[in-house]
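Report on the following structure.
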Amino acid sequence: MLQKPRGTRDFLPEEMEARRSVEATMREVGRRWGYREVCTPEFEDLDLFTLRSGPGIIEEMYVFEDKGGRKLALRPEITAAVVRMYVNEAKVAPKPIRWCYFADCFRYERPQKGRYRQFWQFGVELIGADSAAADAEVIMVAAGMLKATGVTFELKVGHLSFMKNLVKDLDPILQRRVMAHLDKKDFDGLSATLSETGKSDLCRALTDLVACRTLDEAFAIAGDIPDKERVRQTIALLDASGLAYTLNFGIARGLDYYTGTVFEAFAENLGAENQILGGGTYRLAQLFGGDDVASCGFAIGFDRVMVALGDIPRKKDLVVAVICSDEGRARALAVAQAFRDAGIRTETDLSGRGIGAQVAHAAKSADFVVIVGKREAESGEVTIKDLQSGEQATVPLDVAVAKVAAHGAR
RNA sequence: GCCAGGGUGGGGUAGUUGGUUAUCCUAGAGGACUGUGGAUCCUCCGACCCGGGUUCGAAUCUCGGCCCUGGCCCCA
């Protein structure tokens with residue numbers, strides 16, 4: 001038997017309904033903040049991704065050549081494509097541009113809990129607003145979106161200027177190593193790296209920076225940073241909004257294209273892969289031939305949110321089963337249509353079984369059965385039975401529809 | 001790419017000193033039952049992940065692969 005490719009999943013209706021419901025929640029939060037949905041190609045020129053993230057990521061991507069010899073890749077993330085789209089299509093659009101997206105991405109990695117080779121991201125990009133208010137808005141949207149789904153999460157907000165200011169005199173390669181250590185909270189590694197390069201004096205300050213949880217402490221440790229006022233304002237706005245978050249100046253966010261504000265969110269019950277959101281400010285447009293425009297965005301690991309939410313009880317559709325004998329079959333179609341026109345999920349018999357067998361079958365999944373047999377075909381009425389209460393009546397069709405419509409979702 | 005533990009009908013399972021037709025539950029289909037309930041009874045459907053090796057004989061032992069689960073790495 002054929003198997004699905006490693007790291008991919010099939011979704012049955014129950015799971016799809018849960019996913020669509022959460023997706024709609026996120027999209028609605030985006031809509032209320034003015035973020036309109038965009039869509040970019042499933043695959044792009046390989047260069048788009050290596051320009052952003054470096055050639056090292058080729059190993060982690062689905063890369064292929066098309067029949068014209070073009071080097072292409074299934075998108076491993078969406079931000080690069082959205083920025084490319086901005087440069088191609090929307091450079092002159094009025095700023096700021098508020099966009100969001102929900103799309104699947106592909107990475108050739110070892111699957112584990114919350115990590116798949118095909119996975120979905122819900123993301124937001126705010127392009128062309130270079131202010132504390134912009135940074136704060138994106139963080140508030142991020143938190144609002146997660147909160148609306150009902151997931152329990154911890155939000156961490158940081159800024160790269162502090163760390164960068166402390167390591168600015170180091171060799172760039174060393175800077176990167178140091179920041180990687182800090183991001184992972186690998187203080188032994190940090191200490192070793194610094195002492196082997198004769199910079200042990202920095203170790204204390206960097207360690208303290210990661211541990212500190214207030215702006216004043218951070219300024220005291222890192223000294224005067226160029227973005228001081230911007231950071232103060234951003235944090236002041238977050239505080240004014242009543243958002244729950246912790247400051248963390250140890251966040252370095254992997255690849256080094258983030259320019260200032262960075263933030264991450266983590267959920268419980270997710271094992272090793274517990275980060276459900278990541279974002280920050282960046283300047284990528286010029287990489288793709290555009291202007292040097294300030295941007296801020298984030299992406300939610302949608303599948304991880306679904307794992308973290310677990311099996312949430314969901315409202316189920318109310319189901320009407322229309323049952324008929326051969327004499328009633330023609331009229332049953334019209335009867336079913338009347339229920340559908342009222343917005344009710346309605347399923348008709350396809351088996352030609354006896355009435356008894358049909359009722360037994362319907363009782364497994366439906367809330368109401370509507371019987372259109374010989375008697376109803378002659379009288380012009382229908383027999384409706386509430387499968388929960390057992391109550392049954394023979395009434396005109398519009399009365400039956402009204403009865404079910406009044407019942408509401410279960 | 002690395003490490004650990006796994007893989008028996010659609011789902012869940014029993015089954016090692018290697019030995020007849022592979023157990024049970026559930027789901028599905030049909031019937032008892034052609035105008036009324038998920039019960040009950042009967043019948044049917046349906047599996048040893050793939051390949052090589054050892055053996056008279058492999059679900060069982062062995063090797064390789066694939067896949068799953070979790071972890072390392074990475075995390076855009």
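A, B, ... follow the sequence lines: proteins, then strands. Residue 1 opens every chain. Atom set for the values below is all heavy atoms of this structure, side chains included, hydrogens, waters and symmetry mates excluded. Just so you know, these numbers come straight off a predicted model, no measurement behind them.
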Complementary nucleotide for B:G64 - Watson-Crick or wobble, under 3.5 Å: B:C50

Rounded to whole angstrom, note down the C1' distance from B:G9 over to B:C48. 10 Å

Say you pick atom P in B:U26 and the same atom in B:U43; how far apart are they, in whole Å? 14 Å

Could you check whether A:Thr383 and A:Gln392, counting side-chain N and O atoms only, form a donor-acceptor pair closer than 3.5 Å? no

Base, sugar-phosphate, or nothing for A:Glu376, non-hydrogen atoms under 4.0 angstrom? base

Can you tell me if A:Lys4 touches the phosphate of B:C67, counting only side-chain N or O atoms and a distance under 4.0 Å to OP1 or OP2? no

For the pair A:Phe122 and A:Phe102, name the ring-plane relationship: parallel under 30°, tilted 30 to 60°, perpendicular over 60°. tilted

C1'-based separation of B:G65 from B:C24 [nearest Å]: 32 Å

Does A:Arg117 make a cation-pi contact with A:Phe106 (under 6.0 Å, within 45 degrees of the axis)? no

What contact category does A:Gly373 fall into here, base, sugar-phosphate, or nothing, at under 4.0 angstrom with non-hydrogen atoms? base

Worked verdict on A:Glu77 versus A:Gln121 for side chain to side chain donor-acceptor pair (under 3.5 Å): CA-CA 8 Å; A:Glu77 46 102 11; A:Gln121 286 192 337; over 6 Å; no

Can you check the A:Gln388 CD to B:U36 P distance for me, whole Å? 22 Å

Euclidean distance, atom CD1 of residue A:Ile355 to atom P of B:U34 [Å, nearest integer]: 12 Å

Separation of the C1' atoms in B:C45 and B:G7, to the nearest angstrom: 23 Å

For A:Gly7, answer base if it contacts any base atom (sugar-phosphate contacts may also be present), sugar-phosphate if it contacts only those atoms, and nothing otherwise; contact means non-hydrogen atoms under 4.0 Å. sugar-phosphate

Output the rounded distance in Å from CZ (A:Arg353) to C1' (B:A29). 9 Å

By the 4.0 Å heavy-atom rule, please label A:Asp326 as base, sugar-phosphate, or nothing. nothing

If I pick the C1' atom on B:C50 and the same atom on B:G37, what distance separates them, to the nearest angstrom? 46 Å

Whole-Å P distance, B:A76 and B:C63: 40 Å

OP1 or OP2 of B:A76 under 4.0 Å from side-chain N/O of A:Arg75: no

A:Arg117 CZ to B:C67 P, in whole Å, measures 7 Å

Is there a salt bridge (Lys or Arg N to Asp or Glu O under 4.0 Å) between A:Arg27 and A:Glu23 once you walk through the steps? CA-CA 6 Å; A:Arg27 193 175 273 124; A:Glu23 175 196 336; 2.9 Å; yes

Quick one: does A:Lys385 reach the base of B:G37 with a side-chain donor-acceptor pair under 3.5 Å? yes

With respect to the side chain of A:Glu273, which nucleotide from B:C74, B:G28, B:U36 is positioned closest? B:C74

Below 4.5 Å, heavy atoms only, C-beta onward: do A:Arg9 and A:Gln118 meet side chain to side chain? no

Tell me whether the side-chain N or O atoms of A:Arg9 pair up with the base of B:C68 as donor and acceptor below 3.5 Å, since no angle test is needed here. no

Applying a 3.5 Å limit to both distances, which nucleotide forms a Watson-Crick or G-U wobble pair with B:A4? B:U69

So what does A:Gln392 touch, heavy atoms closer than 4.0 Å: a base, only the sugar-phosphate, or nothing? base

Which nucleotide, in any strand shown, forms a Watson-Crick or G-U wobble pair with B:A29, with both distances under 3.5 Å? B:U43

Filtered N/O pairs between nucleotides 2-5 of chain B and protein, under 3.5 Å:
residue : atom : partner  : partner atom : Å
B:C2    : N4   : A:Arg110 : NE           : 3.1
B:C3    : N4   : A:Arg110 : NH2          : 3.2

With sugar-phosphate meaning primed atoms plus P, OP1 and OP2, does A:Gly278 contact a base, only sugar-phosphate, or nothing at under 4.0 Å between heavy atoms? nothing

Is a donor on one side and an acceptor on the other found under 3.5 Å between the side chain of A:Ser21 and the backbone of A:Glu17? no

Is the shortest distance from a Lys or Arg side-chain nitrogen in A:Glu376 or A:Arg331 to a carboxylate oxygen in the other one below 4.0 Å? no

Quick one: on RNA chain B, does A:Ile371 or A:Leu270 contact a more 5' nucleotide (nearest heavy atom)? A:Ile371

Mind calculating the distance between OH (A:Tyr116) and P (B:C75) to the nearest angstrom? 21 Å

Presence of A:Arg6 side-chain N/O under 4.0 Å of B:C66 phosphate oxygens OP1/OP2: no

I need the NE2-P distance between A:His361 and B:U36, as an integer number of Å. 18 Å

By the 4.0 Å heavy-atom rule, please label A:Lys113 as base, sugar-phosphate, or nothing. sugar-phosphate

OP1 or OP2 of B:G71 sitting under 4.0 Å from any side-chain N/O of A:Gln112? yes

Is the ring pair A:Phe368/A:His407 parallel, tilted or perpendicular, if the boundaries are 30 and 60 degrees? perpendicular

In whole Å, I'd like the distance from the CD atom of A:Gln275 to the P atom of B:C74. 14 Å

Select base, sugar-phosphate, or nothing to describe what A:Thr383 touches, counting heavy atoms under 4.0 Å on all strands. base

B:A59 -> Watson-Crick or G-U wobble partner, both distances under 3.5 Å, gives none

Checking A:Phe11, A:Tyr101, A:Phe302 against A:Trp120 for ring-ring contact (aromatic ring centres under 6.0 Å, His included), the one that qualifies is A:Phe11

B:U34 P sits how many Å from A:Glu327 CD, rounded? 14 Å

Within the 4.0 Å heavy-atom criterion, would you say A:Glu60 contacts the bases, only the backbone, or no part of the nucleic acid? base

What integer number of Å spans the C1' atoms of B:G10 and B:G19? 31 Å

Could you give the distance separating B:U8 and B:G46 at their C1' atoms, to the nearest angstrom? 12 Å

When you look at NZ of A:Lys374, are more than 12 heavy atoms from neighbouring residues, nucleotides or ligands closer to it than 6.0 Å? no

Using Watson-Crick or G-U wobble geometry with both distances below 3.5 Å, tell me the partner of B:C24, or none. B:G12

